[in-house]
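Throughout, residue positions are numbered sequentially from 1 according to the sequence presented. All ligand and atom numbering here is 1-based and tracks the order in the structure.
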Amino acid sequence: MAATQIPEVVLESSNGRRTMPVLGFGTGADKLQPDVFIAAVLEAIKLGYRHFDTAAIYGSEQSLGEAIAQALKLGLVGSRDDLFVTSKLWAHDAHPHLVIPALKKSLQNLQLEYLDLYLIHWPISAPPGKLTLSIAEKDLMPMDFKGVWADMEEAQRLGLTKSIGVSNFSSRKIENLLSFATIPPSVDQVEMNPLWQQKRLRDFCKAKGIVVTAFSPLGAIGTSWGTNHVLESKVLNEIAEARGKTVAQVCIRWVYQVGATLAVKSYNKERLKQNAQVFDWELSQEDLDKISQIPQRKMIRREDLISANGPYKSLEDLWDGEI
Ligand code: NAP
């Protein structure tokens, strides 16, 4: 099968003119099996994936770096410049003066000289030290947004990353960031799928020239943080059946058609292929209208985080409307 040509979007505010493939390969998973992971990345590159989404906290940077090195050696891509690699700054490093060392550590893990995109992972900080997904309630700290963003800007100016952005930021938090940023964020990566459509945030970002990237576009089915509700949605199943597509394809196509980009995770060859086969057909206006009527149901909910003893326990500041 010929590799799929994945469309790209232009990222504003980057170092030079930069584009990002709209479909990214997600690397955030409950368990990382390096061999399975590396094989999946190589398969994805053969299928046409060029955008890889990782983060310091995922523990996937090293294996992604290994996979990229192998892909280059095998000649699957001409050069590193043909790939788009995103990584993210975790809460323990989200302090002024720790951003650039954290980014350099990510680059070292990835065996790369630059990132294409570096995001603030969540709008929270925790005491500097070992990175842990779970952060005790007493350790949650409000972020020094001005200081951290100044370092993000410096990282872009130094060429350590071509673009900078945020993740899990509401429009209110972005508005605050824009009030002092000299380089506006290029991207906001947030939970988004047909059951959590982020219409208001999307409209806001569009007006500001910020690209929205959807994470958990399939509702993260099968993961410890995910839900079956997205892929089991009656409306989505009816549309998928009528179009001869899978529900996953309908979700991915919907994200693309409403103007967002996405990171989807699969380490399975068939599903990787299926997830990329969404650019030669379209949802009708009637389909889009039906999807827009789906009752909204956020996956990562405040109650879940509290009851699950999750990392963001009771930080009211996280839940200011959209995220
Ligand atoms: P997702 O991509 O919505 O769902 C992943 C799950 O769907 C996996 O269990 C995968 O299993 C399954 N799957 C994939 N394709 C499928 C298909 N065609 N049919 C049925 N099942 C399918 O969720 P996600 O992993 O949470 O989100 C994607 C990426 O976004 C992550 O990997 C990570 O890079 C990023 N992310 C970012 C944040 C953030 O805070 N910024 C948070 C969460 C995720 P198989 O592997 O077995 O196919």
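In this structure, Leu103 is not a member of the same hydrophobic cluster as Leu98, with clusters built from ILVMFWY side-chain heavy atoms closer than 4.5 Å. No continuous path of ILVMFWY side-chain contacts below 4.5 Å connects Tyr114 to Leu83, so the two sit in separate hydrophobic clusters.
Here Asp116 pairs with Arg18 in a salt bridge; the nearest charged N to carboxylate O distance falls below 4.0 Å.
No hydrogens or angles considered: nothing links the side chains of Tyr118 and Lys162 as a donor-acceptor pair under 3.5 Å.
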Contact table, ligand 1 N/O with protein N/O, distance under 3.5 Å:
residue	atom	partner	partner atom	Å
ligand 1	2 (O)	Lys265	N	2.9
ligand 1	3 (O)	Pro217	N	3.2
ligand 1	3 (O)	Leu218	N	2.7
ligand 1	3 (O)	Gly219	N	3.4
ligand 1	3 (O)	Ala220	N	3.0
ligand 1	9 (O)	Ile221	O	2.6
ligand 1	15 (N)	Asn275	ND2	3.0
ligand 1	18 (N)	Gln274	OE1	2.8
ligand 1	18 (N)	Asn275	OD1	2.9
ligand 1	26 (O)	Ser216	OG	2.7
ligand 1	26 (O)	Trp225	NE1	2.9
ligand 1	27 (O)	Ser216	N	3.0
ligand 1	32 (O)	Thr27	N	3.3
ligand 1	32 (O)	Gly28	N	3.0
ligand 1	32 (O)	Gly28	O	3.3
ligand 1	34 (O)	Thr27	N	3.2
ligand 1	34 (O)	Asp53	OD2	2.6
ligand 1	36 (N)	Tyr58	OH	3.3
ligand 1	40 (O)	His121	NE2	3.3
ligand 1	40 (O)	Asn168	ND2	2.9
ligand 1	41 (N)	Ser167	OG	2.8
ligand 1	41 (N)	Gln189	OE1	3.0
ligand 1	46 (O)	Lys265	NZ	2.8
ligand 1	46 (O)	Tyr267	N	3.1
ligand 1	47 (O)	Arg271	NH2	2.8
ligand 1	48 (O)	Ser266	OG	2.5
ligand 1	48 (O)	Arg271	NE	2.6
ligand 1	48 (O)	Arg271	NH2	3.3

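The minimum heavy-atom distance between Leu288 and Gln257, with the atom names listed, is CD1-NE2, 3.7 Å.
A 6.0 Å sphere centred on CD of Glu286 holds no more than 12 heavy atoms belonging to other residues, nucleotides or ligands.
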